[in-house]
Amino acid sequence: ADPKLGIVYDAGGKFDKSFNQSAFEGASRFKKETNINFIEVQASSDTQAEQVLRGLARKNLDLIASIGFAQQAAVQKVAKEFPKVRFVLIDGVAQGPNIESITFKEEEGSYLAGVAAAMASKSKKIGFIGGVDIPLIRTFSCGYAQGAKAVNGKIDVTANMVGTSAQAWNDPAKGGELARSQFDRGVDVVFAVAGGSGLGTLQTAKEKGKLAIGVDSNQNGLYPGTILTSMVKHVDMAVYDAFMQMKNGTWKAGVYSKGLKEGGVDWALDENNRKLITPEIEKRVMGARKDIIDGKVKVIDIRSGAACPV
Amino acid sequence: MMNKDLPRWATAFVMPVLNLLSALLVTALVIHLLGESPTESLAILVNSAVVNPEGLSYTLFYASTFIFTGLAVSIAMQAGLFNIGAEGQMYFAGLGLTLAMLTFDASLPAWLLIPVGMLGAALFGALWAFVPGYLQAKRGSHVVVTTIMFNYIAAALMNTIIVKLVPPGEQNPASRAFAAAAEMPRLNQWFPILGETPLNISFFLAIIALVIYGVVVSRSAWGFKLRATGLNKHAAHYAGVRISKMIIIVMLISGALAGLGSVNSIMGSTHYLSLNFVGGAGFIGIAIALMGRQNPVGIFLSAVLFGALTQGGFDLSLEKQNIPPETVIMVQGLIILFCGAMENLYGPAIAKVLNLKKRG
Amino acid sequence: MTFDDLHIGSILVSTVRNAPVLIFAGMAGLFAERSGVIDIGLEGKILASAFVSAAVAFATQNPWYGVMAGMLVSVLLATLQAYIAITQKGNQLVGGIAINIAMSGLTFVVAQYFFQQGGRTPDLGSARLFDVVLPGSAAIEGVPFVGWLYAHLIGGHSVLVYLAFALVPLVHWVIYHSRFGLRLRACGENPHAADAAGISVERQRYMAMLIAGVLCSFSGAYMSIVQSGFFLRDMSAGAGYLALTAMVFGNWRPLYTFLGCLMFGFFGAVQIQIEGVELPLVGRLPGSMIQMVPYVLTVIVLAGLMAKSVAPKALGTPFVKSR
Amino acid sequence: MQPAVEFRGISKHFGAVKANTDVSFAIAKGSIHGLVGENGAGKSTLMSILYGYYRADGGEILLDGQARRIHNSQEAIALGIGMVHQHFMLVENMTVLDNVMLGSEGGFKLNKNRARVEQELRDICTRYRLDVDPLATIHDLSVGAQQRVEILKQIYRSASILILDEPTAVLTAQETESLFEILRLFKDQGKTIILITHKLQEILDITDTVTVMRAGRVIGAVPTAGTTKEDLANMMVGRPIENNLPRKPYNPGAPVLEVDNLQLLDDQGVKLLADIGFTLRAGEIVAVAGVSGNGQSELMEILSGMRLPTSGKLQFEGKPLPFAGRSNPDGLPRVFRELGIAHVPEDRLRDGVVKAFSVMHNTILGYQDKLKNRWGLLDFKAIAARCADLMKNFDVRPNNHDLRIGLLSGGNQQKVVIAREVLAQPKVMLVGQPTRGVDIGTIESIHTQLLKLRDEGVAILLVSVELEEVRALADRILVMCGGRITGELEIEEFDTTRIGLLMGGMHKS
Ligand SMILES: Nc1ncnc2c1ncn2[C@@H]1O[C@H](COP(=O)(O)OP(=O)(O)OP(=O)(O)O)[C@@H](O)[C@H]1O
Ligand SMILES: Nc1ncnc2c1ncn2[C@@H]1O[C@H](COP(=O)(O)OP(=O)(O)OP(=O)(O)O)[C@@H](O)[C@H]1O
Ligand SMILES: [Mg+2]
Ligand SMILES: [Mg+2]
């Protein structure tokens, strides 16, 4: 029989232009290919996460995908109560024989974005705009800076955060304003990691004729010609794979950290940004990519407690 | 004024019911437009929020927090102060509670941990309300403005601090989880029918707080002075009330009450401090205080209503894929609109009907 | 940190660009509150008009239709508020907050229903309102200071920006030097006196609310069809409350309210600039700490000024003929 | 000749209250018509109907013989009706000029007309000898001046029918006299005037005819010439009013309150009180007479602890009053009250009562801390009983302690305040304007209470602008002007002209 599948988004909701949306896309692709449906719910608070996971588990679902670190504690708890139900936790780590935890090495993908930005920048000033100052976002920002400095030690990286509350992910005006301010200071490439607010950044870059870098999904197509590349984080693949494995009976519990090597993160090169990526840039980025995969370059992950080296 | 002519049963029962029905009618229309059946949706909502014991338990869990924030806003309102800052006060109080727990959860027994946690929360909540209160009393800075500012400041400050509390290697911007001893006893220990739900003794604390509030405000000399201050500052001064002290004390109490709301959210449910854990409960407190007329029974009923909407609406969006969770927010707004702002909508009509009867 | 690091020019331009949202809403609140009606529902009106403006601008591919539709909706909401406050004599705070909450939900639901993009409207693309480039900007651009002043500080904004700034003296004039303003102030201060002088307090307040509705709609339209180029759920992000704050800060006077709006815009711009910069004494502050700069400064300014604000006396009380 | 105004069978009820029942009478053109009656007799209601505030339940109003339906004040104004309300209808933070222009601005642009109207106002002021600065802001003006602004408004609008609802309640004798001068001028111009007042002497002084109302009905309408104060009082209250209330012979006890060299400066350093010195003894009533706004209010506020003096020596029973070391008066009224200083504030609605509280709650205002038990709780059963007693003894009407006090008439509110303070068994009683706006029956009962208190040995300081009242109550009289005491006389020396001179600032020689 077809597996019974569920997906639980966190407070951002499935259209957050970030990992929730990416998860939704992965699940949708699975549905399209297999015609197997899935239940989807949004948990607006940590309390609700527990409630909804338990609710779905009671329905004897086979696999529940929990999107976002906010559900970590809930997954940990509910998985223990329902050993027969399997859980996929995205962006967080929980232990158990029925849990698959998937985290991403955002620092590696961001490193590539940093390399590309440093190469493309004429002013040698690049920018970063994050949603909220939390470890995840700092990981992006630090990886980005590492990549850029690897190209040019003197490059200047300006970082701004949109805000401090949940609203910070939905404030495109502020996202745009931060971009303007960075452009005024000479920045000519900006990396936006701020959900809906980041859309304001991309938009402003287009308006001002500067370059921007998208995040999470491939955003190159939003403003072809001004989006240098996107740092894609394959939450979609993770969800798709988990669903597929469930269907094929190959699903396994465990803790996985997916970087460039595992195909968890990458940079995006397609017809939309083909013209922007010169052969030199492409060569340099692909080189860095290979070095990381081969282990020749180690990108520091600040979440491990290390300070950002740059 | 017309209501004075209406019998009590009409104003206390018929009108609120009509108002609630109006709000539901508008909601039904929206749900219909969204392509779902309004009656089915209502059934799901009611079933999930009150009929089902587990749902009811969640309803009361949310209501417990709302009672505290509603009380916080209400008591300030009694003194004529519009405390918009319950959100920030509850948020900051979460820090006080968490610091207390992180320090003591390994060393103190459970029966001591809970009061210590409550104290930490109340202290920090009060502290966050103190500055606006002090500035209002001594400098005349408008408390509405300062409390709004303090909400923003709390958000920024808490973001800075919570990030520092994240255990290494963790993604989630949250503190470590507390020891089991620091968990509020859950009611399902005694009433297994409630299921695995976070409803805990905070609910009783909230009820006790309501009772104390009711008695203090309407029966005590201090409450008398409090209300006099809110209604007529000149007369209160004449009556010997120290107005600035009163303002500061009321804001401290208000902040402490908002702070106690975090005990339910954190010690009662998540057991760790996380970013944005308040999630608007402070703002809902404003709606509850206004709708409940700062009256203990009114506050209780409004808090339960909002708890029910939070719980029922959540299940509704779960079952009805076409109804996004945000629909509940709209319903909340509509209920406040009809039951709170336009409460007299049907007064004249009812009066007319009654008059006709009398004559006919 | 040097003076140059502060990028004064960038701060000023950013201030000018950010202020209109607050100015429109602040002036809207001013009309409402000067007439005696508390307008805590600015937020909801901004959000609703932001959504409708964007949706209609997208559907018709004409920003001006968007602006007009946003105005219509904002006025409808203002009328509802007026009906509650004036005709029903209900609680004005409750009414306003109800509208805010309802709109936060409704805009999402409707946006989702029509566009299926998670409460977002599609990109407006060319249906946005674009910035006005003053004639000769390109020529003068190179001239130091003057070029910047002309092309970037004065020029280079959307029409709505100019409208916002032009509004301030206009509102000042209307409030203090016109018959309408005199009656408005009288209604907010002592409606019984106005009534005795043969003025219909109810009509005056309704008119004030309608004007508030119109002005507030520009705030929303600016947000979605100028600043962002699309609508996003809850994108008003507290602007309505901030505008109200600026108005209280400005003691319900147009010019001071305007200064309050500029102050928020300015502090916000400063905050952007000092993020990640080594500051004297404190060094490099974390981004989240920097975020609180505008709000802390506001509190300090407020406490320091001893701003004993004097609200219109009848604010918030429904007018009932007997005393 | 056609009467200017004629009421025919006007009735009006508010809920169960019949404010007006079948009221009919006529007012001749070019006459001054008096309207008297107890508090709550329905006078203001009737006038409000004429001015379009309320719609009558039945009956009709004829103006110059023509039946008119007046729906709102706009229509009333258009018909040439002007009204000076019982409570000033002025916007406090606006100038006199703006207040006058309000409602008849003469165009959208104010500035165009401001200069013209200002000039016109100055002309009016000269012509009618009204002392008002058109550019002054209302809240800076004394009550007398505010009253003149109300008159100014009506002159500017050239109302042909002028209603004045208790215009003299807050005026001094001189101010009243100059108001009457103007009314006479109006009459000569052919205007019709309706005057409501509780002061029967004024009726005799100025009106041509007078209508008496009681409980919403017309009791009688007579030409003034054929009537006396006694007749009117009898008609109003239904019993004769005693003018000379019994009192024990003057026999003051020990000094209770000694004031020496009291000074008060305001924030700008302007002297509000200077060199105030006097002694108040047990069992005497000392009246402070003077035009209002000459420091009496400030004096009362200081003595009751509501305000701090700048300097001076204040002794209560030989010990200094506890002002020392205080930077603000927060909580001080409570300390004074505990010492035994009771206070009936001059502005009862602002300071004396909380309008939204019930009568019962208001009877403990200021004494809430004395009545609480050791848990800090108030025993409302006992308080209700206490209140019922009090309402009976002081004849507060209606006798319902759950009623919001704001719904009581001014006179009855005043009775509650006085009763509350009397019940505290004070040693000193500060009383400000105790009978402002109160009908003669109530005045009689309030005066009786105060005299009884004096006879029991309480020291009473009375501030009043009514010389009639001062004469009726005082043992000694202090006259204040410009923040100083300009004269002091025994009651035997009472002489209106001399007091008038002292009130005008003529120092004792
Ligand atoms: N707005 C109102 N609502 C309900 N009852 C009212 C209202 N206004 C007046 N009344 C009632 O009408 C009666 C007459 O009141 P009115 O104000 O006309 O008296 P008055 O003769 O002017 O008294 P006073 O001498 O105290 O001014 C009162 O007894 C009162 O109960
Ligand atoms: N809103 C109201 N509802 C019920 N009764 C009212 C209301 N307003 C006034 N009244 C009644 O009207 C009567 C007279 O009112 P009015 O305002 O004329 O009082 P007053 O004695 O003249 O007081 P003041 O000292 O303020 O002049 C009172 O008996 C009072 O109970
Ligand atoms: Mg009257
Ligand atoms: Mg009166």
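Labels below follow one simple rule: chain letters A, B, ... track the order of the sequence lines, proteins then strands, and each chain is numbered from 1.
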(Q) To check you understand the geometry: which heavy-atom pair defines the closest contact between B:N276 and A:S165, and what is its length? (A) OD1-CA, 3.7 Å
Q. Got a salt bridge between B:E196 and A:R58, using NZ or NE/NH1/NH2 to carboxylate O under 4.0 Å?
A. no
Q: Please report the shortest heavy-atom distance between B:P173 and A:F69, naming the atom on each side.
A: CD-CE1, 3.2 Å
Q.
Between B:S274 and chain A, with a heavy-atom cut-off of 4.5 Å, which part of the residue counts as in contact: side chain, backbone, both or neither?
A. side chain
Q) Does A:T47 reach the side chain of B:F61, with side-chain heavy atoms less than 4.5 Å apart? A) yes
Q.
Need one label for A:E81: side chain, backbone, both or neither, based on atoms under 4.5 Å from any heavy atom in chain B.
A. side chain
**Q.** Spacing of CD belonging to B:Q171 relative to CZ belonging to A:R303, to within rounding of 0.5 Å
**A.** 4.0 Å
Q: With rounding to the nearest 0.5 Å, note down the distance linking CG in B:L318 to CD1 in A:I39.
A: 7.5 Å
Q. What pair of heavy atoms forms the shortest contact from B:N159 to A:V132, and how long is it?
A. ND2-CG1, 2.9 Å
Q. Got a second to check how far A:Q51's CD is from B:D315's CG, nearest 0.5 Å?
A. 6.0 Å
(Q) Which atoms of B:Y58 are under 4.5 Å from chain A, going by heavy atoms: the side chain, the backbone, both sets, or neither? (A) side chain
Q.
Quick check on A:V41 against chain B: is it the side chain, the backbone, both or neither that has a heavy atom closer than 4.5 Å?
A. side chain
**Q.** Shortest non-hydrogen separation from A:Q42 to B:F314 and the atoms involved
**A.** O-CE1, 3.4 Å
**Q.** Straight-line distance of A:Q48 CD to B:Y62 OH, nearest 0.5 Å
**A.** 4.0 Å
Q: Can you measure from CG (A:N37) to CD (B:Q321) and round to the nearest 0.5 angstrom?
A: 8.0 Å
Q: Grab the two heavy atoms, one from A:R138 and one from B:V163, that are nearest each other, plus how far apart they are.
A: NH2-CG1, 3.4 Å
Q | Top of A:T103, A:L136, A:V93 for chain B proximity - count of heavy-atom pairs under 4.5 angstrom | A | A:L136
Q) Minimum heavy-atom separation for B:Y272 to A:A73, with atom names? A) CE2-CB, 3.5 Å
(Q) Just so I understand: if I count every heavy-atom pair under 4.5 Å between each of A:G305, A:A74, A:P135 and chain B, which residue has the most? (A) A:P135
Q) So what's closer than 4.5 Å to chain A heavy atoms on B:T160: side chain, backbone, both or neither? A) neither
